[in-house]
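Scroll down for the structure; my scribbles are underneath it.
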Amino acid sequence: MLANSAETLPRGHVLVEPYVYDVMTDGADNFGSRAYVLYGLTDNLTVGAIPIIGYTAMHGGPNSSGIGAGDQILQAQYRLTRFQEGSWLPTIALQWQLGVPTGRYQRLARAADGMGSGAWANTLGLNAQSYFWMPNGRILRVRLNVTRTWSGHADLVGVSSYGTGPAFRGKAYPGGNVYVGTSFEYSLSRRWVLALDLTYSRNDPTRVRGVDDPLASLPAVPRLPVQFASPRSEAFGYAPAVEYSWTPNIGVLLGVRVIPGGHNVTRSITPAIAINYVH
């Protein structure tokens, strides 16, 4: 459900996998959809995009004014090695993602309209994947992802995704992220697969600096400096799922991600469904 494959698509082949989910917390339901649209440029290089949209339903506050686009993601993955039966060497690939700040994040009429970060983000990752044959002849597929994300800064005006007020002018500096994820997929049959993802994520503090300028038209009025930072956070999660394939090219996945807590993290439950199509 969560771990990226280390494999690449054969040259000229396409994978489309849209997810629909609801990130449920005590304060809101964050409905969203992200679709993996990937193309095999060569046998060892896959490129693509991950379009994201969302809608937030607040508990006790104004909802999003409508469905909005989040920050979109461009992706490339290059395969370094390929698993061969009888060998200890797994499939290993390098992955690069570019987060494009297309989502609304400032000058918000409603805080729930904030779907983006306003900052470009680069993510570098290492993906690995291997297979193990169980005593009953079934296959256990194991994946490992390790990624690091660096972000630029975002210019802020007014109400924003960073919790600033209507008179704010300044910048935000999103903290970096380290992510480690692993998954275990057990083939019950040619059509049915049981899966479990385990994840760890650490976010460095996000810093916001600027001024509150409620009377910008009056130069003689002093502006109030504003500076704050979010605390560093760490979260562990798990995601059981089941997948059914009608044909070798089409399958459906149903699962739920659970983040039970951590350090400065909001607990959440995220049911999700996805359709996987390969051509």
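In what follows, every heavy atom counts, from backbone to side chain, and hydrogens, waters and symmetry copies are set aside.
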What closest approach, in Å, do [X] and [Y] show between heavy atoms, and which atom pair accounts for it?
| X | Y | result |
| --- | --- | --- |
| Ile259 | Thr266 | CG2-O, 4.3 Å |
| Gly118 | Pro101 | C-CB, 3.6 Å |
| Arg104 | Ser65 | NH1-OG, 4.4 Å |
| Leu38 | Gly48 | CD2-CA, 3.9 Å |
| His263 | Arg232 | CD2-O, 3.3 Å |
| Ala239 | Leu2 | CB-CD1, 3.9 Å |

Could you state whether [X] and [Y] fall into the same hydrophobic cluster, counting links through intermediate Ile, Leu, Val, Met, Phe, Trp or Tyr residues with side-chain heavy atoms under 4.5 angstrom apart?
| X | Y | result |
| --- | --- | --- |
| Leu140 | Leu198 | yes |
| Phe132 | Tyr186 | yes |
| Ile273 | Ile269 | yes |
| Ile250 | Leu254 | yes |
| Met115 | Ile67 | no |

Sidechain-backbone polar pair: [X] side chain, [Y] backbone, donor-acceptor under 3.5 Å:
| X | Y | answer |
| --- | --- | --- |
| Gln77 | Val47 | no |
| Ser183 | Leu196 | no |
| Ser151 | Tyr173 | no |
| Asn63 | Met58 | yes |
| Thr8 | Thr46 | no |
| Asn276 | Gly251 | no |
| Arg191 | Trp246 | yes |
| Ser245 | Pro248 | no |
| Arg138 | Leu188 | yes |
| Ser64 | Ala112 | yes |

Side chain proximity check, [X] to [Y], heavy atoms < 4.5 angstrom:
| X | Y | result |
| --- | --- | --- |
| Ser5 | Asn127 | no |
| Leu9 | Leu41 | no |
| Met24 | Pro271 | yes |
| Tyr277 | Val14 | no |
| Tyr162 | Gln106 | no |
| Arg11 | Asp43 | yes |
| Gln129 | Phe83 | no |
| Arg207 | Pro205 | yes |

What is the distance from atom [atom1] of [X] to atom [atom2] of [Y], rounded to the nearest 0.5 Å?
| X | Y | atom1 | atom2 | answer |
| --- | --- | --- | --- | --- |
| Asp71 | Tyr105 | CG | OH | 10.0 Å |
| Trp150 | Thr123 | CH2 | OG1 | 8.0 Å |
| Asn177 | Asn203 | CG | CG | 4.5 Å |
| Ile92 | Glu7 | CD1 | CD | 11.5 Å |
| Asp22 | Thr270 | CG | OG1 | 7.0 Å |
| Thr56 | Asn30 | OG1 | CG | 4.0 Å |

Chi angles and distances behind the side-chain contact (heavy atoms from CB on, under 4.5 Å) call for Tyr78, Trp96: CA-CA 9 Å; Tyr78 183 77; Trp96 169 73; over 6 Å; no
Go through the steps for Arg257 and Tyr21 under the test side-chain contact (heavy atoms from CB on, under 4.5 Å), then give the verdict. CA-CA 10 Å; Arg257 185 194 68 179; Tyr21 52 85; over 6 Å; no
Within 6.0 Å of [atom1] in [X], more than 12 heavy atoms from elsewhere:
| X | atom1 | value |
| --- | --- | --- |
| Arg141 | CZ | yes |
| Trp133 | CH2 | yes |
| Arg148 | CZ | yes |

With side-chain contact (heavy atoms from CB on, under 4.5 Å) as the test, would you mind laying out the steps for Val226 and Phe228 before giving the verdict? CA-CA 7 Å; Val226 175; Phe228 61 89; 3.9 Å; yes
Per the side chain to side chain donor-acceptor pair (under 3.5 Å) rule, which among Thr25, Asp26, Asp29 passes with His59?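 By the side chain to side chain donor-acceptor pair (under 3.5 Å) criterion, His59 pairs with just one of Thr25, Asp26, Asp29: Asp29.
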Would you please test Asn122 and Leu98 for side-chain contact (heavy atoms from CB on, under 4.5 Å) and show each step? CA-CA 5 Å; Asn122 280 281; Leu98 176 65; 3.8 Å; yes
